[in-house]
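Before any comments, here is the structure.
Both ligands and their constituent atoms are indexed starting at 1 by order of listing. Only a predicted model underlies this, so the values are computations on that prediction, with no experimental measurement involved.
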Amino acid sequence: MSDWDVIIVGGGIAGASLGAEIAAKRRTIIVESEAQCGYHATGRSAAFWLESYGGPHVAPLTAASREFLDAPPADFADRSFLRTRGALHISRDPGAELPAGIASRHIERDELERIVPGIRPEWRFATLEPGCADIDVAGLHAAYLGAFRRHGGEVALDSRLRSARHSNGRWTVEVEGGATINAPVLVNAGGAWADAVAAASGVQSLGLAPKRRTMVQLRVGQSGLRDLPLIDDLEGTFYFKGEGERSVWLSPHDEIETDPCDAAPEEIDIAVAIDRFERVVDWPIERVERSWAGLRTFAPDRLPVYGFDLDAPGFFWCAGQGGFGIQTSPAAAKLAASVLLGEPPDAMVRGIDPGILSPSRFAEARP
Ligand SMILES: Cc1cc2nc3c(=O)[nH]c(=O)nc-3n(C[C@H](O)[C@H](O)[C@H](O)COP(=O)(O)OP(=O)(O)OC[C@H]3O[C@@H](n4cnc5c(N)ncnc54)[C@H](O)[C@@H]3O)c2cc1C
């Protein structure tokens, strides 16, 4: 039996970033089911930072994270994790607006044609969001795990939480293989498995729903695509962005309810993605170079959940990061850390009310 102050279940971006924020102050261990951290959602994202994404309670976390991602502190990383490419939100009809406060400008059809040669004529309206950037997700995740370890944190791989029980103020966790570890605080950063982790710990679930999203790397008969902006439609039926000189990353913007699993793309979703893409540009499709899928996990109100469970002492939720878990990770980790440690919030998140993201918002839904 090993003793800790905090056990974090899950070594994706959520568990790693929160771990990095608390490890210097609490002896912390991350237990991860897989042989490597980042195998699930974190390793499968589309890797962009887009301020207009996720709604009014997510945008502040995204915005607050920007500076850290762009110019991280020297003791965390020696280079930026961002590469700005901009986003173009296109539509067939006029009138669509981005939320107030997000830097953007409408562009005319002739400018749209210059940026996206071959765009079909019905796409007459476009808004450019210049701040959209690619995130070096692997680099960011590795930097968080590195900081976690430097501050004394330990990562136990191949260590799925099988069960946990609470007695005498401590959680005792049994992991795959039979080892037991204990700590007064148990953090649930289990991604798509967050409700399953709660159930295995005797804690009532919150209704966190994993939804599959498909990604396709498509080779096309058009060159000069590497810096193509992220292009999406305001109805939310596709997005794509430049990848290589003649390839794009494309998604049909699917959200297919599924049980937590090692998600894989379905042929039908790849076909839908390509069909939608062909309705946007006239570029010949050459081949699917690769495809993958991952699970984006949402709470019923589509906001993340950071905070202690109301009924289960010492059980801390760090879940429901949906499709914004990477771009919000610096601010979300600082916010969650202040709640977990019971300390004043870091300057990065001082203006953000953690109450909005607390699991207590679901109290009335519990029997
Ligand atoms: C296709 C796709 C595109 C996306 N694009 C973007 C994007 O452009 N920008 C953005 O910000 N976000 C994006 N996201 C969302 C982002 O990837 C997620 O919000 C984020 O990765 C969630 O991180 P996590 O750590 O909660 O989950 P995960 O990375 O899934 O980590 C959870 C970990 O918990 C472990 N675990 C589960 N159960 C147990 C257990 N019982 N015991 C031990 N370990 C356990 C799992 O093995 C897993 O490693 C995208 C997601 C997908 C799928």
Problem - Any N or O of Trp193 closer than 3.5 Å to N or O of ligand 1 - result: no
Counting heavy atoms under 4.0 Å, the part of Arg160 that contacts ligand 1 is both
Is Val197 in polar range of ligand 1, meaning some N or O pair under 3.5 Å apart? no
- Item | Validation row, ring centre Tyr144 to ring centre Phe76 under 6.0 Å | yes
Geometry only, no angles: is Met215 polar-contacting ligand 1 at N/O separations under 3.5 Å?
no
The closest protein heavy-atom partner of atom 2 (C) of ligand 1 is Arg44 O, 3.6 Å
* Is Arg66 close enough and on-axis enough to Trp49, meaning under 6.0 Å and within 45°, for cation-pi? -> yes
(request) Give a yes or no on whether the backbone of Ala126 and the side-chain of Arg109 come within a donor-acceptor separation of less than 3.5 Å. (result) no
Let's go through Trp292 and Trp249 carefully: what are the C-alpha distance in whole Å and the side-chain angles of both, what is the deciding distance for ring-ring contact (aromatic ring centres under 6.0 Å, His included) to 0.1 Å, and is it a yes or a no? CA-CA 11 Å; Trp292 67 99; Trp249 277 13; 5.0 Å; yes
Of Glu32, His40, Glu34, the residue with the heavy atom nearest atom 49 (O) of ligand 1 is Glu32
At under 4.0 Å between heavy atoms, what of Pro260 touches ligand 1? The answer is neither
Open item on the list: Please check whether Ala192 reaches ligand 1 - meaning an N/O of the residue sits under 3.5 Å from an N/O of the ligand, judged on distance alone.
Closed with: no
